[in-house]
Visitor: 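Sending over a structure as structure tokens; questions will come in a sec.
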Amino acid sequence: MFPSSTEVADLPIQPKSPFLRTMLERGYAHQCSDWEALDARMGDGPITAYIGFDATADSLHVGHLMSIMALRRLQKAGHRPIVLMGGGTTRIGDPSFRDTSRPLLDDAQIAGNIEGIRKVFARYLDFGEGPTGAIMVNNADWLDGLGYISFLREFGRHFSVNRMLSFDSVKLRLEREQPLTFLEFNYMLLQAYDFLELSRRYGCSLQMGGSDQWGNIVNGIELGRRVDGRDLFCLTTTLLTTASGGKMGKTAKGAVWLNADRLSPYEFWQFWRNTEDADVGRFLGLFTELPLGEISRLGDLAGSELNEAKKVLADSATTLLHGEEAALQAAEMARKVFEEGGMDDGLPCAEVRAADFAQGLPLVDGLILCGLAASKSEARRLIAGGGARVDGAAAADEQEWIEARPGRAVKLSAGRKRHAVIRFN
């Protein structure tokens with residue numbers, strides 16, 4: 001059965017608006033500032049909603065996909081999405097549920113990161129001038145020009161420090177006796193101001209974001225009411241973890257990036273193909289556009305048949321991001337690797353200078369170089385457990401070396417599903 005996070009009978013409301021019904025039935029929605037009022041507002045005609053993304057890297061990752069899909073669902077339901085790039089707020093860094101401050105980036109790094117992120121949204125949203133055409137804006141356009149004293153006088157008086165200290169994102173840092181800088185403490189004021197500014201400029205009435213952003217978004221709702229008398233809304237999405245309790249989108253190689261120059265379509269496809277059994281139905285509901293009936297059927301599969309559902313998930317998620325051709329190529333590459341035991345040029349590849357390893361490349365180091373292990377201890381455990389292979393042959397000894405000669409390509413494997421190539425130049 002499709003394990004939706006919210007059964008229809010248990011929904012907080014039975015919404016009339018297609019968007020809210022989709023968000024609830026497929027398991028996206030977590031909290032809303034006013035379910036009934038937002039449902040009624042959406043019934044009156046198209047609304048404008050936004051989600052903010054800080055430019056802390058030159059690509060978003062799988063952990064951002066819930067928010068991206070929420071904007072896509074919004075647009076498909078006949079509303080207008082705004083992608084807000086945090087060119088201004090990135091200079092501060094969101095402290096929400098972090099143990100330490102984010103590294104401060106300069107203006108050139110932030111601009112480069114925004115350009116890298118921009119291309120992802122073109123895959124999921126239709127940008128244009130129409131009533132539902134998506135737009136991308138940068139909060140640096142208004143935050144950079146704020147005068148500090150005038151901002152504090154006009155808007156700072158609406159924020160209670162007592163209440164701000166009660167937010168979980170702040171309490172967590174303080175309870176652990178970890179420093180929270182005054183710079184970071186201002187982040188929630190600027191995020192609230194973003195909502196007010198977008199409501200003024202674009203008639204935006206809904207902010208969405210992960211459930212960890214609840215307090216920050218509510219601040220924006222209250223600021224809009226107090227300053228302009230606006231009726232604004234908040235809708236948060238579930239923060240995902242895997243069935244085993246791990247953080248969504250983390251692998252031995254690190255984050256599962258959305259840009260192809262950071263992570264190949266084949267590796268992206270493999271990430272979904274390796275989904276835990278208990279997550280397949282849930283992820284089909286969240287990250288594909290298959291009908292719920294088909295998702296329920298696929299989620300009911302068991303044993304070896306469930307692998308077919310995982311392939312459907314991988315195909316569908318990869319098609320949305322990278323296109324149908326890339327998804328087909330990734331699936332064919334996987335078939336060659338897994339079913340025929342062959343090597344394909346599209347596998348993740350580490351280029352190595354043969355001259356640097358005249359005596360050979362230690363297998364332990366090779367597994368790390370190509371991303372199949374995160375550390376030497378992990379590589380040794382993989383070898384000791386019989387999960388490491390070199391050109392299809394099991395590696396029995398952690399002292400094994402790989403012959404390094406120019407022009408040679410070696411396929412390394414971690415278990416049956418993860419493969420990479422080392423090429424010696």
Side-chain angles (χ1 to χ4, degrees), residues 6 8 11-53 64-86 89 121-139 141-142 190-211 213-238 286 289:
T6 309
V8 175
L11 299 182
I13 60 169
Q14 295 297 319
K16 296 179 181 179
S17 63
F19 172 67
L20 282 185
R21 190 158 190 86
T22 295
M23 293 292 285
L24 287 165
E25 288 180 346
R26 298 182 79 103
Y28 293 101
H30 180 67
Q31 293 171 291
C32 182
S33 54
D34 190 328
W35 290 107
E36 289 80 6
L38 178 58
D39 189 43
R41 174 65 185 83
M42 287 187 153
D44 292 337
I47 72 164
T48 299
Y50 90 96
I51 299 179
F53 300 86
H64 293 104
L65 265 185
M66 281 281 281
S67 292
I68 295 171
M69 289 298 293
L71 290 174
R72 181 177 174 87
R73 297 288 184 190
L74 179 91
Q75 187 173 48
K76 284 185 168 293
H79 304 283
R80 180 170 67 157
I82 295 177
V83 178
L84 176 65
M85 296 308 306
T89 45
F121 287 98
R123 303 296 312 189
Y124 291 92
L125 301 174
D126 292 326
F127 289 85
E129 300 296 329
T132 65
I135 58 175
M136 179 177 284
V137 297
N138 187 336
N139 63 12
D141 292 346
W142 52 84
L190 297 181
Q191 183 171 334
Y193 182 74
D194 282 344
F195 200 176
L196 176 65
E197 193 69 29
L198 289 171
S199 70
R200 290 172 169 178
R201 293 184 178 219
Y202 303 102
C204 181
S205 57
L206 171 64
Q207 182 181 357
M208 298 187 291
S211 59
Q213 295 295 314
W214 174 260
N216 289 346
I217 300 175
V218 169
N219 272 338
I221 291 175
E222 294 182 354
L223 184 64
R225 176 179 56 80
R226 291 174 181 175
V227 174
D228 285 357
R230 296 176 182 270
D231 291 326
L232 305 178
F233 300 95
C234 162
L235 179 66
T236 63
T237 55
T238 304
L286 295 170
E289 296 184 328

Visitor: In Å and rounded to the nearest 0.5 Å, what is the CG to CG distance from Leu84 to Asp194?
Guide: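 The distance works out to 5.0 Å.
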
Visitor: With distance as the sole test, does Thr236 use its side chain to make a donor-acceptor pair with the main-chain N or O of Gln31 at under 3.5 Å?
Guide: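 At least one qualifying donor-acceptor pair exists.
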
Visitor: My understanding is that only residues two or more places apart in sequence, or in another chain, count here; which of them pass side-chain contact (heavy atoms from CB on, under 4.5 Å) with Ala70?
Guide: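 With neighbours one apart ignored, the set is Met23, Ile51, Met208, Thr237.
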
Visitor: Take Glu197 and Val137 through the test side chain to side chain contact (heavy atoms under 4.5 Å, CB included) and record every step on the way to the result.
Guide: CA-CA 11 Å; Glu197 193 69 29; Val137 297; over 6 Å; no

Visitor: Within a strict 4.5 Å, meaning less than it, do heavy atoms of the Cys234 and Trp214 side chains meet?
Guide: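 Yes, their side chains come closer than 4.5 Å.
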
Visitor: So how far is it from Leu232 CG to Gln207 CD, rounded to the nearest 0.5 Å?
Guide: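 One finds 9.5 Å between CG of Leu232 and CD of Gln207.
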
Visitor: Side chains of Phe195 and Cys204: closer than 4.5 Å at any heavy-atom pair?
Guide: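 They are in contact (side-chain heavy atoms under 4.5 Å apart), so the answer is yes.
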
Visitor: What closest approach, in Å, do Phe127 and Met136 show between heavy atoms, and which atom pair accounts for it?
Guide: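 Taking every non-hydrogen atom into account, CE2-N, 3.9 Å.
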
Visitor: If you look only at pairs with a residue in residues 38-49, which of them pass as a side-chain hydrogen bond (donor to acceptor under 3.5 Å, both in side chains), with sequence neighbours excluded?
Guide: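 Qualifying pairs: Ser17-Asp39, Thr48-Arg80.
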
Visitor: Quick one: closest heavy-atom pair of Asn138 and Gly86, and the distance?
Guide: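 That closest heavy-atom pairing would be OD1-C, 4.2 Å.
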
Visitor: Report yes if the side chains of Leu190 and Trp142 come closer than 4.5 Å at any heavy-atom pair, otherwise no.
Guide: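 Side chain of Leu190 against side chain of Trp142, heavy atoms only: no contact under 4.5 Å found.
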
Visitor: Check whether any side-chain N or O of His79 sits under 3.5 Å from a backbone N or O of Ile47 as a donor-acceptor pair, and report yes or no.
Guide: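 Here the side-chain-to-backbone pair exists.
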
Visitor: Locate the shortest heavy-atom distance separating Leu71 from Pro81; write the atom from each residue and the value.
Guide: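 Closest pair (atom of Leu71, atom of Pro81, distance): CD2-CB, 3.8 Å.
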
Visitor: Within the 4.5 Å heavy-atom criterion, are Val83 and Tyr124 side-chain neighbours or not?
Guide: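 No. Closest side-chain heavy atoms not under 4.5 Å.
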
Visitor: Measure across Cys32 and Leu235 and return the closest heavy-atom pair with its distance rounded to 0.1 Å.
Guide: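 Nearest heavy atoms, Cys32 then Leu235: CB-CD1, 3.9 Å.
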
Visitor: Given side chains that start at C-beta, do those of Ser67 and Phe53 come closer than 4.5 Å, heavy atoms only?
Guide: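 Yes, their side chains come closer than 4.5 Å.
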
Visitor: How many angstroms lie between CE in Met42 and CZ in Phe19, if you round to the nearest 0.5 Å?
Guide: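 Here the interatomic distance stands at 5.0 Å.
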
Visitor: Which is it for Leu125 and Arg72 under the side chain to side chain contact (heavy atoms under 4.5 Å, CB included) test, yes or no, and what are the steps along the way?
Guide: CA-CA 6 Å; Leu125 301 174; Arg72 181 177 174 87; 4.3 Å; yes

Visitor: Got Gln14 and Arg21 here, is their nearest side-chain heavy-atom distance under 4.5 Å?
Guide: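 Counting from C-beta outward, Gln14 and Arg21 do come under 4.5 Å.
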
Visitor: Measuring only between side-chain heavy atoms, which start at C-beta, is Asn219 closer than 4.5 Å to Gln191?
Guide: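 No - every pair of side-chain heavy atoms lies 4.5 Å or more apart.
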
Visitor: Got a second to check how far Leu24's CG is from His30's NE2, nearest 0.5 Å?
Guide: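 If I round to the nearest 0.5 Å, the distance is 12.0 Å.
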
Visitor: Heavy atoms, side chains only, cut-off 4.5 Å: are Asp126 and Gln75 in contact?
Guide: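 Side chain of Asp126 against side chain of Gln75, heavy atoms only: contact under 4.5 Å found.
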
Visitor: Determine the minimum heavy-atom distance between Gly78 and Pro46, stating which atoms define it.
Guide: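 Scanning both residues, the minimum pair turns out to be O-CB, 3.4 Å.
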
Visitor: Enter the distance from Ile68:CD1 to Phe121:CZ here, rounded to the nearest 0.5 Å.
Guide: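 Here the interatomic distance stands at 4.5 Å.
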
Visitor: As an exercise, state the distance from CG of Leu196 to CZ of Arg225, rounded to the nearest 0.5 Å.
Guide: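 Between Leu196 CG and Arg225 CZ, I get 12.5 Å after rounding to 0.5 Å.
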
Visitor: Kindly check if the number of other-residue, nucleotide or ligand heavy atoms within 6.0 Å of CG (Asp231) is above 12?
Guide: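 No - once you tally the heavy atoms of other residues, nucleotides and ligands closer than 6.0 Å, there are 12 at most.
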
